[in-house]
Amino acid sequence: MKPFTIHTGIVGTLDRVNVDTDQIIPKQFLKRIERTGFEDALFFDWRFNADGSLNPEFELNQPRFAGASVLLARANFGCGSSREHAPWALDNYGFRVIIAPSYADIFFNNCFKNGMLPIRLSEEQIEELFQRTKAREGYQLTVDLAQQTITDSEGLSISFEVDSFRKHCLLNGLDDIGLTLQHEDKIAAFEARRAAV
Amino acid sequence: MARTLFDKIWERHVVHQEEGKPAILYIDLHLVHEVTSPQAFEGLRLSNRPVRRPERTVLTVDHNIPTWSRSLPVTDPVSKQQIDTLEKNAADFGLRIYSLNSVQQGIVHVIGPELGYTQPGMTIVCGDSHTSTHGAFGALAFGIGTSEVEHVLATQCLQQSKAKSFRITVDGTLPVGVTAKDIILYIIRTIGTDGATGYVIEYAGEAIRNLSMEERMTVCNMSIEAGARAGLIAPDEKTFVYLQGREFAPQGEAWEKAVADWRTLPTEDGAVFDRELHIDASQLVPQITWGTSPGMVADITGQVPDPEAMPDENSKKAARRALEYMGLTAGTPLEEVAIDRVFIGSCTNSRIEDLRAAAAVAKGRKVAANVNAMVVPGSQAIKHQAEAEGLDQVFTEAGFDWRESGCSMCLAMNPDVLSPGERCASTSNRNFEGRQGAGGRTHLVSPAMAAAAAIAGHFVDVRNF
């Protein structure tokens with residue numbers, strides 16, 4: 001897994017609650033058997049008109065959000081289907097960080113498995129970031145995982161919580177499976193113990 | 001200290017736990033389907049890892065397969081490739097698969113219990129959020145992403161932090177015409193689609209105990225729609241009766257031993273939950289979703305709600321957007337909403353009792369002229385059972401289309417898709433924008449409510465039908 005340490009990028013906003021993974025990537029794109037190539041599928045039904053042209057009404061299509069790599073979202077982001085294609089599509093498109101008041105469990109977990117950092121902040125802090133992004137074209141945030149801070153160039157500094165083990169894995173780009181297999185002897189002993197019952 | 005059902009299952013499966021780290025949790029049963037597994041098997045190949053416990057791994061195709069006659073080919077080349085890939089992975093890694101033409105094929109969450117794989121006290125995972133279905137048997141069952149599918153294939157374990165516990169007690173007796181689907185829709189309506197995020201729900205109370213196993217599966221199935229990690233119901237005599245004699249359930253002496261163990265699983269008196277909620281089943285009426293989130297639910301006797309009456313700005317915006325998408329006007333009685341399509345199926349409501357309930361409504365009646373209605377059994381076994389009971393005749397005589405088993409129009413990955421603007425009465429679990437087809441409008445209801453809507457051409461209160 002690619003490590004995550006410090007990231008600075010343009011903030012793109014998605015001002016809707018309960019964005020489900022069916023919206024993040026609709027079902028017709030789940031038939032691929034690779035982990036890459038999902039960037040054009042991201043938010044497909046919102047991003048594109050029926051004729052394939054870009055939908056100018058969709059927030060992230062605004063020119064000011066071109067190249068955004070920090071996604072600012074609302075509560076319960078990533079609810080619904082467990083499809084890991086959702087974080088893949090966000091990652092393939094270029095998002096490395098998501099900031100929202102809350103996430104669905106499976107989506108939240110899937111992000112960490114792909115070297116992406118989903119951050120939880122309070123509703124007030126999220127609202128503040130929405131206002132700042134709205135006020136300044138090209139608004140950028142710097143996310144420092146080691147320090148657990150979010151900063152901008154205007155003196156804003158917010159600290160965030162992250163599970164210490166997830167942080168350790170992200171900072172070092174550790175492979176979960178490799179970590180678990182370090183305990184192979186314990187798994188084997190567990191299996192032997194149960195077989196004996 | 002008194003322990004919960006969840007505590008007991010959890011403790012039995014912790015292989016290793018270090019301070020400040022997630023537990024390494026052993027997984028008893030890993031269900032696998034064609035859509036969320038190809039990248040996981042590819043990962044195993046790249047790192048040259050085998051499947052650790054092939055005998056604990058069960059594969060089937062369900063998500064993208066057509067529901068037309070099994071004698072016809074899969075015409076979508078991309079779906080075909082995914083199906084073929086699962087077959088190849090089964091062969092390469094030596095895994096049991098219920099193939100497209102197997103008489104035991106079906107939706108992964110339908111065949112797990114049907115074949116007796118699903119048992120009380122187990123940990124069960126699948127790369128599918130509706131894995132919560134299996135919690136109806138008192139198994140800790142939850143959906144995982146593809147990276148975790150690979151993790152379980154390689155290690156038979158997962159790294160997991162223990163969720164909090166939430167008991168929802170449903171007291172009283174369910175009125176006639178009100179079903180398990182209505183209970184769970186009402187719960188999601190009450191606590192919201194993130195109401196149980198971070199929790200494992202245990203459903204308890206008289207109304208839950210009185211449900212059949214199939215009805216319990218309907219309730220647990222939609223736990224994820226309330227954000228829950230899993231849903232659980234304590235195993236009891238009904239659970240044991242359901243499982244006894246099924247192909248992969250313990251047999252003979254092992255059965256007696258297993259049942260004795262399963263009896264020790266239920267939550268002990270005095271156990272403390274992190275959160276509790278009580279619901280009175282006797283007050284429930286049939287439920288229907290009106291919007292684009294499974295929390296947007298109303299009584300069938302009610303009206304399309306007014307977004308301006310919502311409690312906060314985010315809910316107002318979401319409701320306005322939902323009504324626009326759904327083509328509905330605030331204040332319209334829900335019984336006046338006309339439909340174009342009906343879908344009876346999915347891991348929520350495609351079992352034999354669901355089909356019987358729908359057939360009882362459809363018998364001797366005709367689907368409205370402007371409505372296209374389909375019935376998709378959850379498995380081949382259910383399809384054959386329904387045909388043995390003559391339910392297929394009831395449906396086809398009434399004008400329903402009788403299909404082969406699969407996930408079908410619950411997520412519309414296969415050719416069963418709504419056209420833009422079409423409105424559907426659906427027994428499935430999600431009414432998200434475009435879920436059943438881009439621009440499609442989904443209303444979630446019980447099987448009896450869906451059948452009644454098919455006949456009437458608009459939603460009706462099945463209690464008066």
Side-chain angles (χ1 to χ4, degrees), chain A residues 1 15-18 20-23 26-28 30-35 44-46 50 74-76 79-88 102-114 123 163-166 168 175-181 183-184 186-187 189-191 194 197, chain B residues 15-16 20-22 24 26 35-36 38-39 42-43 47 49 52-53 63-64 76 78-79 81-82 85 127-129 131 142-148 150-151 154-157 159 161 163 193-194 197-198 224-225 227 229 293 295 314-315 317-318 321 411-413 420 430 432-435 438:
Chain A
M1 190 177 74
D15 189 7
R16 301 173 187 193
V17 292
N18 298 323
D20 58 78
T21 54
D22 271 81
Q23 307 316 315
K27 79 288 252 105
Q28 64 268 33
L30 308 187
K31 297 178 186 177
R32 294 167 52 81
I33 56 174
E34 297 87 19
R35 280 175 184 258
F44 186 86
D45 289 347
W46 288 345
R74 296 289 187 187
N76 200 26
C79 59
S81 159
S82 61
R83 57 188 71 168
E84 197 164 318
H85 309 68
W88 293 339
S102 59
Y103 302 85
D105 283 342
I106 303 176
F107 174 82
F108 187 72
N109 195 36
N110 283 342
C111 286
F112 285 100
K113 308 291 180 195
N114 290 280
E123 290 278 3
D163 174 81
S164 58
F165 181 69
R166 291 189 196 272
H168 171 72
D175 166 26
D176 270 6
I177 297 176
L179 286 177
T180 298
L181 286 176
H183 300 288
E184 208 279 331
K186 298 184 187 74
I187 301 170
F190 180 91
E191 287 174 331
R194 294 177 106 216
V197 174
Chain B
V15 170
H16 182 64
K21 289 188 184 177
I24 295 178
Y26 198 77
V35 174
T36 58
Q39 295 87 350
E42 194 52 29
S47 47
R49 288 170 174 144
R52 181 179 176 86
R53 289 288 162 207
H63 275 61
N64 74 25
D76 175 352
V78 198
S79 292
Q81 186 194 19
Q82 221 170 36
T85 301
D128 189 286
S129 59
T131 309
F142 51 92
I144 56 178
T146 299
S147 295
E148 290 187 319
E150 183 182 341
H151 193 122
T155 68
Q156 204 55 42
C157 294
Q159 297 178 4
S161 296
T193 53
D194 57 358
T197 302
I224 185 68
E225 268 64 63
R229 192 82 186 112
S293 162
N314 281 332
S315 318
K317 266 196 265 188
R321 191 181 158 79
L411 83 166
M413 269 193 85
R430 289 188 174 132
F432 297 147
E433 285 183 35
R435 172 78 178 181

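Hydrogens, waters and symmetry mates are skipped; everything else that's a heavy atom, side chains included, is used. Quick caveat, the model's predicted, so the values are computed rather than measured. Chain identifiers are assigned alphabetically (A, B, ...) following the order of the sequence lines, protein sequences preceding nucleic acid strands; residue numbering begins at 1 within each chain.
Contacts between A:E34 and chain B at a heavy-atom distance below 4.5 Å involve the backbone alone (N, CA, C, O). No part of A:F108 comes within reach of chain B, as not one of its non-hydrogen atoms sits under 4.5 angstrom from that chain. When heavy atoms are compared at a cutoff of 4.5 Å, A:S102 approaches chain B solely by way of its side chain, counted from C-beta outward. Proximity to chain B (any heavy atom under 4.5 Å) is restricted, for A:R32, to the backbone atoms N, CA, C and O. Contact annotation for A:H168: neither backbone nor side-chain heavy atoms come within less than 4.5 Å of a heavy atom of chain B. In this structure, chain A has a heavy atom under 4.5 Å from the side chain of B:Q159, while its backbone stays farther away. Within the 4.5 angstrom heavy-atom criterion, atoms from both the backbone and the side chain of B:T155 approach chain A. Only the side chain of A:N109 comes within contact range of chain B, judged by heavy atoms closer than 4.5 Å. In this structure, chain B has a heavy atom under 4.5 Å from the side chain of A:S164, while its backbone stays farther away.
For B:E42 and A:R35, the salt-bridge test fails: no basic side-chain N is under 4.0 Å from an acidic carboxylate O. Of the charged side-chain nitrogens involved, none lies within less than 4.0 Å of a carboxylate oxygen, so that B:R430 and A:D22 do not count as a salt-bridged pair. Under 4.0 Å is where a charged nitrogen must lie from a carboxylate oxygen, and between A:D175 and B:R49 at least one such pair does. Under a 4.0 Å N-O distance rule, the pair A:K31/B:D76 qualifies as a salt bridge.
Using modelled atom types, no side-chain atom of B:D194 and backbone atom of B:T197 make a donor-acceptor pair closer than 3.5 Å.
Legend: residues meeting side-chain hydrogen bond (donor to acceptor under 3.5 Å, both in side chains) with A:E184, ordered by chain and number and at least two apart, are B:R52.
Between A:F165 and B:P22 the shortest heavy-atom distance is CD2-CD, 3.1 Å. B:N314 and A:E123 get closest at one heavy-atom pair: ND2-OE1, 4.4 Å.
Ranked by heavy-atom pairs under 4.5 Å with chain A, the first of B:H151, B:E225, B:Q81 is B:H151. Ranked by heavy-atom pairs under 4.5 Å with chain B, the first of A:N110, A:V17, A:I187, A:D45 is A:I187. Ranking B:Q156, B:E433, B:E150 against chain A, the residue ahead of the rest is B:E433, based on heavy-atom pairs under 4.5 Å. If you tally non-hydrogen atom pairs under 4.5 Å between each of B:T36, B:T131, B:I144, B:I224 and chain A, the highest count goes to B:I144. Heavy-atom pairs under 4.5 Å with chain B were tallied for A:R74, A:K113, A:H183; the largest tally goes to A:H183.
In this structure, the separation between CZ on A:F107 and CZ on A:F112 is 10.5 Å, given to the nearest 0.5 Å.
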